[in-house]
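Residue numbers start at 1 and run along the sequence shown. Every heavy atom of this structure was used, including side-chain atoms; hydrogens, water molecules and symmetry mates were not.
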Amino acid sequence: MSKKRGLSLDEKREKMLQIFYDSQDFFLLKELEKLGPKKGVISQSVKDVIQSLVDDDLVFKDKIGTSVYFWSLPSCAGNQLRNVTIKLETDLQTNKKRHAELVEQCKALKKGREESDAREEALHELKAIEQKHNELKEELAQYADNDPATLEAMKKAIEVAHSAANRWTDNIFTLRQWCSNNFPQAKEQLDHLYNEVQSKIHRKNHEFVYTGL
């Protein structure tokens with residue numbers, strides 16, 4: 001035996017509204033929770049159903065003292081439906097006007113773009129130009145290292161490096177002189193270390209110049 005299907009939200013709203021319309025009276029929430037099951041709306045869902053009706057201005061509520069009363073009249077619902085109808089009709093007219101504008105705009109954009117041999121040929125030519133443009137960009141990227149701006153930047157970097165090398169050479173010479181003066185017994189070892197390091201630097205410089213770096 002199939003289980004009886006429960007009421008949908010819209011059906012529950014209709015049932016609760018009917019309670020107001022039949023009595024045309026004011027109710028507390030607890031009273032509505034007792035009346036709801038008689039219409040097939042379980043008491044646990046009455047509060048949410050009533051709140052949805054309040055949100056849509058189909059049921060009104062007001063606080064009197066410490067109690068909150070709910071009410072709704074058929075005339076209130078009629079006014080609400082009329083307002084909704086007016087808004088929907090206004091939106092419909094606005095959308096129709098916008099649709100007509102878009103249709104005209106579409107027609108205007110299509111002018112001059114009709115299919116023809118000349119247009120097809122122009123599109124093929126445009127595609128070929130774009131392809132050639134991309135090929136030239138790729139070829140240009142291969143010569144980026146020879147760009148005058150890049151070469152100028154490299155020259156400036158070399159000048160900075162050369163200046164720094166001279167500065168550190170002076171610092172090393174000063175340090176060597178200080179060590180020789182303060183540690184005469186290690187002068188021979190320091191001279192040997194200095195000559196070895198200087199020899200390595202010369203070899204590196206030679207490689208640098210030879211490779212063109």
Side-chain angles (χ1 to χ4, degrees), residues 1-135 137-138 140-141 144:
M1 186 175 181
S2 61
K3 188 175 180 180
K4 186 177 180 181
R5 182 182 68 85
L7 298 176
S8 66
L9 177 59
D10 288 337
E11 291 172 334
K12 291 177 182 178
R13 284 159 57 97
E14 291 178 5
K15 297 290 186 180
M16 296 307 298
L17 277 176
Q18 197 61 46
I19 293 174
F20 291 105
Y21 296 163
D22 291 344
S23 64
Q24 298 189 20
D25 202 353
F26 298 84
F27 297 95
L28 295 169
L29 180 60
K30 62 182 180 181
E31 294 174 334
L32 293 170
E33 289 175 340
K34 292 180 181 179
L35 295 172
K38 296 180 181 180
K39 294 289 186 178
V41 182
I42 60 175
S43 58
Q44 292 88 341
S45 64
V46 167
K47 182 178 179 180
D48 292 336
V49 174
I50 294 298
Q51 185 58 51
S52 72
L53 293 170
V54 171
D55 293 339
D56 291 342
D57 294 330
L58 293 174
V59 170
F60 302 93
K61 70 176 182 178
D62 198 3
K63 188 174 183 181
I64 302 175
T66 58
S67 301
V68 178
Y69 288 88
F70 298 87
W71 77 93
S72 180
L73 301 174
S75 59
C76 295
N79 291 333
Q80 177 65 16
L81 290 175
R82 278 191 290 273
N83 292 334
V84 171
T85 301
I86 291 173
K87 183 179 184 304
L88 291 175
E89 289 178 349
T90 302
D91 291 343
L92 178 60
Q93 294 301 321
T94 301
N95 289 332
K96 283 184 177 179
K97 182 179 179 181
R98 179 58 179 162
H99 177 264
E101 292 174 352
L102 291 174
V103 170
E104 291 300 320
Q105 185 177 355
C106 183
K107 290 180 180 179
L109 291 174
K110 286 182 177 180
K111 288 182 179 179
R113 298 187 179 185
E114 296 82 0
E115 293 295 333
S116 64
D117 293 339
R119 185 172 185 272
E120 191 70 20
E121 184 180 350
L123 289 175
H124 282 301
E125 184 177 353
L126 176 61
K127 186 175 181 180
I129 292 174
E130 290 177 344
Q131 183 177 353
K132 185 62 176 179
H133 174 69
N134 292 331
E135 292 175 355
K137 282 177 63 177
E138 293 177 359
L140 183 62

To the nearest 0.5 angstrom, please state how far the [atom1] atom of [X] sits from the [atom2] atom of [Y].
X   : Y   : atom1 : atom2 : answer
F70 : D25 : CZ    : CG    : 14.0 Å
I50 : L17 : CD1   : CG    : 7.5 Å
L28 : Y69 : CG    : OH    : 4.5 Å
I42 : E33 : CD1   : CD    : 11.0 Å

Within the structure provided, determine whether [X] and [Y] are in side-chain contact (heavy-atom separation under 4.5 Å).
X   : Y   : result
Q18 : E14 : no
Q51 : K61 : yes
F26 : I64 : no
L32 : F20 : yes
M16 : I19 : yes
V68 : L29 : no
D22 : K39 : yes

Closest contact, heavy atoms only, [X] versus [Y]:
X   : Y   : value
L7  : K12 : O-CE, 3.4 Å
V41 : S45 : CG1-OG, 3.5 Å
K34 : P37 : O-CD, 3.4 Å

E125 atom CD, over 12 foreign heavy atoms within 6.0 Å =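 At most 12 heavy atoms, drawn from other residues, nucleotides or ligands, come within 6.0 Å of this atom.
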Flag yes if more than 12 heavy atoms outside E135 fall under 6.0 Å of its CD atom; otherwise flag no.
->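 Yes.
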Could you please spell out the steps behind the side-chain hydrogen bond (donor to acceptor under 3.5 Å, both in side chains) verdict for N134 and E138?
-> CA-CA 6 Å; N134 292 331; E138 293 177 359; over 6 Å; no
Out of L58, V59, V54, which one pairs with D56 under the side-chain contact (heavy atoms from CB on, under 4.5 Å) rule?
->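 With D56 as partner, side-chain contact (heavy atoms from CB on, under 4.5 Å) holds for just one option, L58.
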For salt bridge (Lys or Arg N to Asp or Glu O under 4.0 Å), just list the numbers for K127 and E130, CA-CA rounded to whole Å, side-chain angles, deciding distance to a tenth of an Å, and then say yes or no.
-> CA-CA 5 Å; K127 186 175 181 180; E130 290 177 344; over 6 Å; no
Begin from the C-alpha positions of Q93 and E89 and carry the test side-chain contact (heavy atoms from CB on, under 4.5 Å) through to its verdict.
-> CA-CA 6 Å; Q93 294 301 321; E89 289 178 349; 5.6 Å; no
Basic-acidic side-chain contact under 4.0 Å: R98, E101 |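 A salt bridge links R98 with E101.
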